[in-house]
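Input: a single structure, listed below in structure tokens.
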Amino acid sequence: MRNSAIILILGLLSVLFFSACEQENALTFNDEFKIEFNDGKTITGKDILFYDRSTHLIYLKRDLKLNPDITGFNVSVAGDTIYHGIIFSCYLSSRPPSYFIGDCFQYGNDILEIGYYGESDDLRDDPRITDAFENSNLIRDGITCEIDKIEIQSFENHSKATCTITIQNNDNINYYILDPKKMGDLDFNYFTGGLTLQNMDTKLTHPLRWSVQSGTWSTVNMDDMSLLKKGTKVTYTFQSSDYYKMEPGKYSAKFRFCGTQHCTPNINLNQKNGRVWVGQILSEINNIVIENK
């Protein structure tokens, strides 16, 4: 009788053990994020340091080298394909027709950017993808940028824009970000591309004229950045007079806050007190009024 009880207990323990293993394998399978290139090369969770959902940048544990013959890729979770993409030449002036990976790797070979210029739902934000990264503890929220206020002054032959933005660190780590007070308004405007304004009635667009040149804006270093501590925010105000004259009316504005961009490979992203933030995020605001003097 005693031997029968022992055998029964051992049998139950075996069932529970194999059931737990099956559940663990099922969870692992269900959480598996994969990029598969058309030559068979793959990227999965084991190759990834983290994913920044605000910029759609995938930070890899090692450099990625793509065969020149690779033309496309699939993104899937648990074996289900979510979207297809192409490898797109950075030297082409046209926009890619679908999701794409640029062949120039502007942030460095260990940072993978999947781009998309479409106007429909962005499948890079598919909840299956974000859930897979969250369940694998590989996701970060990055930063957000909001335009607080824009003031436009128009003069005889030019206009001046003064913009106030707020940058929020949404993660539990410190980030180094560009600081217009340190790098100067001129360099900050040209490095980020500045404000782009559009008359909401005529649709006439007013980007920077690029009429004033700077010798340092094309490269940045740690002296141009400030530390944005985890969970905090900072407000910056910058201005530029390098716009053609804007007539009275209502305007919309777009601003692209960016990180180190093409300078990224020259900078150590892991600093003593935090990490250098990389990428770009777009902010928009409407109904900016320019009145008659």
Side-chain angles (χ1 to χ4, degrees), residues 19-37 41-64 73-85 98-102 105 107-118 120-146 166-177 227-234 257-260 264 269-271 273-283:
S19 176
C21 289
E22 288 177 0
Q23 289 179 8
E24 183 178 354
N25 290 335
L27 285 172
T28 300
F29 176 74
N30 288 335
D31 289 346
E32 185 179 34
F33 169 87
K34 181 188 288 186
I35 300 174
E36 184 171 8
F37 298 94
K41 182 190 290 290
T42 62
I43 295 173
T44 62
K46 69 179 186 297
D47 305 306
I48 296 170
L49 281 175
F50 64 89
Y51 170 68
D52 184 337
R53 78 167 97 199
S54 67
T55 58
H56 302 104
L57 294 181
I58 299 172
Y59 293 76
L60 304 173
K61 293 179 179 178
R62 58 188 62 86
D63 287 355
L64 174 65
F73 62 93
N74 295 326
V75 172
S76 64
V77 173
D80 293 334
T81 298
I82 297 177
Y83 63 85
H84 306 276
S98 65
Y99 300 93
F100 68 96
I101 294 174
F105 286 86
Y107 298 117
N109 291 333
D110 60 344
I111 300 178
L112 183 63
E113 178 181 21
I114 299 180
Y116 179 61
Y117 287 120
S120 59
D121 291 341
D122 190 345
L123 292 176
R124 296 176 302 173
D125 296 320
D126 188 289
R128 290 170 291 178
I129 293 177
T130 54
D131 286 349
F133 281 122
E134 272 195 61
N135 293 336
S136 301
N137 199 29
L138 293 174
I139 201 162
R140 292 186 183 176
D141 293 318
I143 69 171
T144 50
C145 174
E146 297 291 336
T166 295
I167 311 296
Q168 169 82 42
N169 182 347
N170 301 305
D171 282 328
N172 198 35
I173 66 169
N174 300 334
Y175 285 124
Y176 282 94
I177 61 171
L227 189 67
L228 182 60
K229 293 186 177 181
K230 57 186 179 182
T232 65
K233 62 178 69 174
V234 65
F257 184 79
C258 64
T260 51
T264 303
L269 299 184
N270 292 306
Q271 296 290 318
N273 297 319
R275 183 178 176 89
V276 175
W277 180 80
V278 174
Q280 55 181 314
I281 46 180
L282 188 67
S283 300

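Values below: every heavy atom of this structure, side chains too, minus hydrogens, waters and symmetry copies. All of these numbers come straight from a predicted model, not from anything done at the bench.
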Check: When rounded to the nearest 0.5 angstrom, what is the spacing between OH in Y59 and CG in L269?
Finding: 7.0 Å
Next item on the list: Could you list the residues that satisfy side chain to side chain contact (heavy atoms under 4.5 Å, CB included) with N172, not counting sequence neighbours?
Entry: K230
Notebook entry, point to check: How long is the span from the CD1 atom in I139 to the OG1 atom in T130, to the nearest 0.5 Å?
Noted result: 5.5 Å
Margin query: Nearest 0.5 Å, please: how far is CD1 in I101 from CD in E113?
Written below: 9.5 Å
Next item on the list: Heavy atoms only: give me the nearest E36-T42 pair and the separation to one decimal.
Entry: CG-CG2, 3.8 Å
Notebook entry, point to check: Under 4.5 Å between any side-chain heavy atoms of N169 and K229, yes or no?
Noted result: no
Check: How close do C258 and W277 get, heavy atom to heavy atom, and via which atoms?
Finding: C-CZ3, 3.5 Å
Item checked: Distance-minimising heavy-atom pair for N273 and N174 -> O-ND2, 2.9 Å
Going by atom type alone, with no hydrogens or angles, which donor-acceptor pairs under 3.5 Å involve a side-chain atom of residues 43-50 and a protein atom two or more places apart or on another chain?
residue	atom	partner	partner atom	Å
T44	OG1	K46	NZ	3.2
D47	OD2	T44	N	2.9

Margin query: Which label fits Y116 and Y99: parallel for a plane angle under 30°, tilted from 30 to 60°, or perpendicular past 60°?
Written below: parallel
Notebook entry, point to check: Does H56 reach the side chain of D122, with side-chain heavy atoms less than 4.5 Å apart?
Noted result: yes
Next item on the list: Kindly determine whether N109 and L64 satisfy side-chain contact (heavy atoms from CB on, under 4.5 Å), including the steps that lead there.
Entry: CA-CA 5 Å; N109 291 333; L64 174 65; 5.5 Å; no
Next item on the list: Compare every heavy atom of G142 with every heavy atom of S54, then report the nearest pair and how far apart it is.
Entry: OG-CA, 3.7 Å
Next item on the list: With side-chain contact (heavy atoms from CB on, under 4.5 Å) as the test, would you mind laying out the steps for I167 and Y175 before giving the verdict?
Entry: CA-CA 11 Å; I167 311 296; Y175 285 124; over 6 Å; no
Check: If every non-hydrogen atom of Y51 is compared with every non-hydrogen atom of L57, which pair is closest and at what distance?
Finding: CD1-O, 3.4 Å
Notebook entry, point to check: Quick one: does F105's side chain get under 4.5 Å of D63's, heavy atoms only?
Noted result: no
Checklist line | Atom pair CD1/OH of I58 and Y107 - distance to nearest 0.5 Å | finding: 13.5 Å
Next item on the list: Please list, chain by chain and in numerical order, all residues satisfying side chain to side chain contact (heavy atoms under 4.5 Å, CB included) with N170, sequence neighbours excluded.
Entry: D141, T144, Q168
Checklist line | For S98, side chain to side chain contact (heavy atoms under 4.5 Å, CB included) partners two or more places apart | finding: I86
Check: In terms of heavy-atom contacts, does CG of D121 have more than 12 from other residues, nucleotides or ligands at under 6.0 Å?
Finding: no
Notebook entry, point to check: Looking at side-chain heavy atoms only, is the closest gap between D131 and V77 below 4.5 Å?
Noted result: no
Item checked: For the student: nearest non-hydrogen atoms of S283 and E146, plus distance -> OG-N, 3.9 Å
Next item on the list: Determine, step by step, whether V75 and D126 satisfy the side-chain contact (heavy atoms from CB on, under 4.5 Å) criterion, reporting the C-alpha distance in whole Å, the side-chain angles of both residues, the deciding distance to 0.1 Å, and the verdict.
Entry: CA-CA 11 Å; V75 172; D126 188 289; over 6 Å; no
Next item on the list: Identify, with sequence neighbours excluded, every residue that meets salt bridge (Lys or Arg N to Asp or Glu O under 4.0 Å) alongside E134.
Entry: R53
Next item on the list: Can you measure from CG (L123) to CD1 (I82) and round to the nearest 0.5 angstrom?
Entry: 8.0 Å
Check: Is the CG atom of N137 crowded by more than 12 outside heavy atoms at less than 6.0 Å?
Finding: no
Check: By salt bridge (Lys or Arg N to Asp or Glu O under 4.0 Å), which residues pair with D125, not counting sequence neighbours?
Finding: none
Item checked: Test side-chain contact (heavy atoms from CB on, under 4.5 Å) applied to Y83 and F73, step by step -> CA-CA 9 Å; Y83 63 85; F73 62 93; 4.2 Å; yes
Margin query: Working to the nearest 0.5 angstrom, can you tell me the gap between S76 OG and R128 CZ?
Written below: 10.0 Å
